[in-house]
Engineer: 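I have a structure here, written as structure tokens, and I will follow up with some questions on it.
For reference, positions follow the sequence shown, starting with 1.
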Amino acid sequence: MLSNKRIQELELVMEFEKVEACFKEVSSWIENVGRKRLKETINLDDSLEMLLQAQKHFKEFDLVASEYCKRGQEALKKMNQWEDFSFVDVHSYRVKLQTYGDQLEEFCTQLDETRHRVCETVRLYEFFDKVRQGICCTEEGVKS
């Protein structure tokens, strides 16, 4: 039984190394690219035209970022089997997984919030643009 447990532990460690390589790549991208690009969308421009341009750039970034989030989440799912093992030897791996998982969850949440904020800001600017056009048309009609 002890031998079987050790073999399972070694298999999990080997699996973890594969998953960790994926997480290191995802984590590196989040830190070096993802967070910086999210910060760029904090101050959105004041004109509808510039805002639509920013939305286009964000959508391109969002596709890539969503793919990294998906890869990280799939890697986490692979490691769900770790929950079934109570070996002391794998505790440090669980801590690393938790750290990666927390970072991934935080970034994915920020990405979702930014996506929603950009979309709502564009909709608001489009609404105000229609109102402004309506007011201009009404004023021209009154002058005529």
Engineer: Which heavy atom of Gln55 sits nearest to which heavy atom of Cys119, and what is that distance?
Structural biologist: NE2-CA, 4.3 Å

Engineer: Passes salt bridge (Lys or Arg N to Asp or Glu O under 4.0 Å), Asp62 versus Lys59? Steps please.
Structural biologist: CA-CA 5 Å; Asp62 188 28; Lys59 284 183 177 182; over 6 Å; no

Engineer: List in chain and number order the residues that pass salt bridge (Lys or Arg N to Asp or Glu O under 4.0 Å) with Glu74, two or more places apart in sequence or in another chain; answer none if no residue qualifies.
Structural biologist: none

Engineer: For Gln133, I'd like to know if atom CD has over 12 heavy atoms of other residues, nucleotides or ligands within 6.0 Å.
Structural biologist: yes

Engineer: Are Val33 and Leu104 in one and the same hydrophobic cluster, where Ile, Leu, Val, Met, Phe, Trp and Tyr link if side-chain heavy atoms are under 4.5 Å apart?
Structural biologist: yes

Engineer: Kindly indicate, with the supporting measurements, whether the criterion salt bridge (Lys or Arg N to Asp or Glu O under 4.0 Å) is fulfilled by Glu120 and Arg123.
Structural biologist: CA-CA 5 Å; Glu120 289 301 309; Arg123 286 180 33 183; 3.4 Å; yes

Engineer: Can we say Lys36 and Glu31 salt-bridge, meaning some charged N sits less than 4.0 Å from an Asp/Glu carboxylate O?
Structural biologist: no

Engineer: Side-chain contact test, heavy atoms from C-beta onward, threshold under 4.5 Å: evaluate it for Glu126 versus Val122 and give yes or no.
Structural biologist: yes

Engineer: Does a sphere of radius 6.0 Å around CG in Asn32 hold more than 12 heavy atoms from other residues, nucleotides or ligands, not counting ones at 6.0 Å or beyond?
Structural biologist: yes

Engineer: I would like to know whether Phe128 and Leu124 meet side chain to side chain contact (heavy atoms under 4.5 Å, CB included); could you show each step before the answer?
Structural biologist: CA-CA 6 Å; Phe128 283 134; Leu124 185 63; 3.5 Å; yes

Engineer: Given Phe61 and Leu111, is the side chain to side chain contact (heavy atoms under 4.5 Å, CB included) satisfied, shown in steps?
Structural biologist: CA-CA 10 Å; Phe61 162 73; Leu111 181 66; 3.8 Å; yes

Engineer: Give a yes or no on this: more than 12 heavy atoms of other residues, nucleotides or ligands lie within 6.0 Å of atom CD of Gln73.
Structural biologist: yes

Engineer: For residues Ala75 and Phe23, report the shortest heavy-atom separation together with the two atoms involved.
Structural biologist: CB-CE1, 3.8 Å

Engineer: Hey, could you give me the CD/SG distance between Glu20 and Cys22, rounded to the nearest 0.5 Å?
Structural biologist: 11.0 Å

Engineer: Could you tell me whether a side-chain N or O of Ser66 sits under 3.5 Å from a main-chain N or O of Leu63, the two making a donor and an acceptor?
Structural biologist: no

Engineer: What is the minimum heavy-atom distance between Thr114 and Leu38, and which atoms define it?
Structural biologist: OG1-CD2, 3.6 Å

Engineer: Taking all non-hydrogen atoms of both residues into account, name the closest pair between Leu76 and Gly101 and its distance.
Structural biologist: CD1-CA, 3.8 Å

Engineer: Tell me whether Val19 shares a hydrophobic cluster with Leu10, the cluster being built from Ile, Leu, Val, Met, Phe, Trp, Tyr side chains joined at under 4.5 Å.
Structural biologist: no

Engineer: Using a strict 4.0 Å threshold on nitrogen-to-oxygen distance, state whether Glu40 and Arg37 make a salt bridge.
Structural biologist: yes

Engineer: Are Phe107 and Val26 close enough that some pair of their side-chain heavy atoms sits under 4.5 Å apart?
Structural biologist: no

